[in-house]
2 protein chains.
Amino acid sequence: MNLSDFLKQFVSFPPEELEDIISHFEKEIVQKNKTLVNQGQVCNKLYFIEEGVGRSYYLKEDGKEITQWFFIEGKFMSSIESFFQQVPSLYYLEMLEDSTIYSITREKLDALFAKYHDMEKFGRLLSTEMLTRVVNKLNALQFQTAKERYEYMLTEFPNISNRVSLGHIASYLGMTQETLSRIRRHDTPKKS
Amino acid sequence: MNLSDFLKQFVSFPPEELEDIISHFEKEIVQKNKTLVNQGQVCNKLYFIEEGVGRSYYLKEDGKEITQWFFIEGKFMSSIESFFQQVPSLYYLEMLEDSTIYSITREKLDALFAKYHDMEKFGRLLSTEMLTRVVNKLNALQFQTAKERYEYMLTEFPNISNRVSLGHIASYLGMTQETLSRIRRHDTPKKS
DNA sequence: TGTATCCTTTGACTTATGTCAAAAAGTAAA
DNA sequence: TTTACTTTTTGACATAAGTCAAAGGATACA
């Protein structure tokens with residue numbers, strides 16, 4: 001999915017607005033393993049992924065990485081609180097495949113929000129959609145068993161398991177990779 | 001904090017817009033233990049709490065309640081995904097104290113978003129603020145020890161522990177009330 | 001096509017947290 | 001106050017999941 005189609009999913013922009021909006025994004029081709037943002041750095045860009053996969057991850061004191069979110073093609077990617085609140089990012093953002101992305105700075109985005117009521121609406125709808133997705137993960141972590149969490153993840157990120165490593169997925173789900181490996185093998189590690 | 005001050009925190013509305021917006025809210029005085037929304041029901045209202053505390057909670061098959069969020073005075077309360085996506089709510093919404101709240105329906109809110117660019121901006125900023133708060137909880141649940149999660153909660157909901165029961169807090173933090181009780185007593189139940 | 005590296009699985013053991021049950025403390029009602 | 005009810009704490013025990021370590025597999029590179 002390209003950026004224009006993505007924008008139109010949320011709001012039916014007049015063609016000239018759409019063109020103006022898109023002209024403020026920059027296309028970038030990035031390689032696998034490229035880090036877009038470092039922990040501690042303010043994330044000043046919002047990225048749209050046309051093709052590829054990325055993730056945000058947190059680095060613990062003991063050196064372990066914990067995946068916070070996956071970002072796939074047709075979605076926006078950013079260190080959410082850092083970008084919106086302009087505070088240092090708790091996460092790294094990195095691409096996990098060679099990818100085609102479009103980026104826009106906070107300043108340009110704010111200018112577009114101020115310029116077009118439609119764009120402001122898009123921003124609102126995008127935020128509420130992200131909010132819904134984050135709440136779904138929260139629910140999975142808080143109410144569900146390890147097995148159910150794994151299934152939730154497959155609906156949120158279809159066939160992600162063929163694209164990223166087991167360890168990345170396990171930490172996203174709040175478990176070790178050994179536990180996830182055991183869950184996958186014999187469907188369930190517990191009684192049920 | 002009243003509704004007018006809350007709105008002004010985010011956007012500096014012209015006085016007549018502010019007045020129009022506020023006129024679409026309805027004031028309600030509700031008693032402790034009042035349920036605003038049932039699980040399975042579409043939540044059609046957004047509530048602003050002028051005074052009081054509420055929570056959203058999920059009811060498991062085994063009859064246990066799990067608190068998903070607390071809502072205190074000066075904040076909006078709703079079953080977020082249900083309200084924004086108009087799907088059945090996974091949660092109950094209930095007040096935990098006698099409270100003064102203001103409500104607005106989805107229809108009226110949408111009309112205000114369409115009418116005023118400022119209101120649309122408010123909606124966007126409110127969503128991103130909620131998003132940030134939900135992400136903070138997600139981080140707490142995913143990266144932090146039981147003790148750290150308890151401390152995170154105290155910063156998110158100052159002195160909530162004097163207002164709601166231990167059991168509600170424990171389930172919010174994804175632990176049993178016995179565990180929380182032990183954490184509180186001897187600062188930490190683990191090595192550190 | 002072999003060598004190095006990375007990723008996944010498996011096993012043995014440890015530990016944090018849950019479960020169940022009962023006692024203690026706190027609060028409200030008569 | 002006494003009684004009843006709710007909430008919190010404590011104890012003994014069970015268990016899901018983590019840790020550490022090593023063996024297999026897979027993949028990339030040279």
Side-chain angles (χ1 to χ4, degrees), chain A residues 31-34 53 55 57-58 60-67 70 94-98 140-154 159-192, chain B residues 31-33 53 55 57-58 60-67 70 94 96-98 140-154 159-192:
Chain A
Q31 304 257 294
K32 179 171 175 171
N33 297 323
K34 166 81 176 178
V53 200
R55 65 164 183 151
Y57 68 95
Y58 175 82
K60 294 214 297 187
E61 309 78 44
D62 63 7
K64 287 192 180 148
E65 297 176 356
I66 302 181
T67 298
F70 292 111
E94 79 172 358
M95 301 313 298
L96 300 172
E97 293 178 355
D98 293 348
L141 281 182
Q142 200 173 354
F143 318 144
Q144 302 186 335
T145 63
K147 179 87 194 307
E148 287 170 328
R149 268 181 277 158
Y150 180 65
E151 284 157 2
Y152 139 77
M153 195 220 47
L154 292 177
N159 96 332
I160 191 83
S161 55
N162 303 322
R163 302 175 73 181
V164 309
S165 80
L166 189 77
H168 291 163
I169 294 174
S171 70
Y172 173 84
L173 294 171
M175 62 182 80
T176 62
Q177 75 174 26
E178 292 91 334
T179 298
L180 179 54
S181 175
R182 288 187 250 257
I183 284 173
R184 270 186 173 176
R185 178 122 293 358
H186 19 280
D187 277 354
T188 162
K190 44 182 70 168
K191 52 164 200 281
S192 83
Chain B
Q31 304 257 294
K32 178 173 174 170
N33 297 325
V53 200
R55 65 163 182 150
Y57 69 94
Y58 176 84
K60 294 213 297 188
E61 309 78 44
D62 63 7
K64 286 192 180 151
E65 297 177 355
I66 301 182
T67 298
F70 291 112
E94 79 172 357
L96 299 172
E97 293 178 353
D98 293 349
L141 282 181
Q142 199 173 353
F143 320 143
Q144 300 185 337
T145 63
K147 178 87 194 304
E148 288 170 329
R149 268 181 277 157
Y150 181 64
E151 284 158 2
Y152 139 76
M153 195 221 48
L154 292 178
N159 94 335
I160 191 84
S161 54
N162 303 322
R163 302 175 71 179
V164 309
S165 80
L166 190 77
H168 291 163
I169 295 175
S171 70
Y172 173 85
L173 294 171
M175 62 183 82
T176 62
Q177 75 175 28
E178 292 91 334
T179 298
L180 180 54
S181 175
R182 288 188 251 257
I183 284 173
R184 270 186 172 175
R185 176 94 350 319
H186 20 279
D187 277 354
T188 162
K190 44 182 71 169
K191 53 163 198 278
S192 81

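- Side-chain atoms of A/R182 and base atoms of D/dT19 include a donor and an acceptor less than 3.5 Å apart.
- Listed nucleotides: D/dG18, D/dT9, C/dT9. Nearest to the side chain of A/M175: D/dG18.
- Look at CG on B/L141: it is 15 Å from C1' on C/dT17, rounded to the nearest Å.
- One atom, CG of A/L180, and another, P of D/dT19, lie 15 Å apart when rounded to the nearest Å.
- Rounded to an integer number of Å, the gap from B/N33 CG to D/dT6 P is 12 Å.
- Closest non-hydrogen pair, B/T67 versus B/H168, comes out as OG1-O, 3.2 Å.
- Screening A/R55, A/R163, A/K34 for a salt bridge (Lys or Arg N to Asp or Glu O under 4.0 Å) with A/E97, the sole residue that qualifies is A/R163.
- Residue B/Q177 contributes atom CD, which lies 12 Å from atom P of C/dT19 at whole-angstrom precision.
- Whole-Å rounding puts the A/I183 CD1 to C/dT9 P distance at 12 Å.
- If you measure from atom CD of B/E178 to atom C1' of C/dA23, you get 14 Å, rounded to the nearest angstrom.
- Distances shown here put a side-chain N or O of B/T179 below 4.0 Å from the OP1 or OP2 atom of C/dG18.
- For the pair A/L166 CG and D/dG25 P, the interatomic distance rounds to 17 Å; values are reported in whole Å.
- Partner of B/Y172 under the ring pair (Phe, Tyr, Trp, His ring centres under 6.0 Å) criterion, out of B/F70, B/Y57, B/Y58: B/F70 alone.
- At the phosphate of C/dG18, OP1 or OP2 sits under 4.0 Å from a side-chain N or O atom of B/T176.
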Could you give me the CA-CA distance, side-chain angles and deciding distance for B/K64 and B/S171, then say whether side chain to side chain contact (heavy atoms under 4.5 Å, CB included) is met?
CA-CA 9 Å; B/K64 286 192 180 151; B/S171 70; over 6 Å; no
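- Atom pair A/E65:CD and C/dC6:C1' shows a separation of 14 Å (rounding to whole Å applied).
- Closest to the B/R185 side chain, of the nucleotides C/dT10, D/dT9, C/dG18, is D/dT9.
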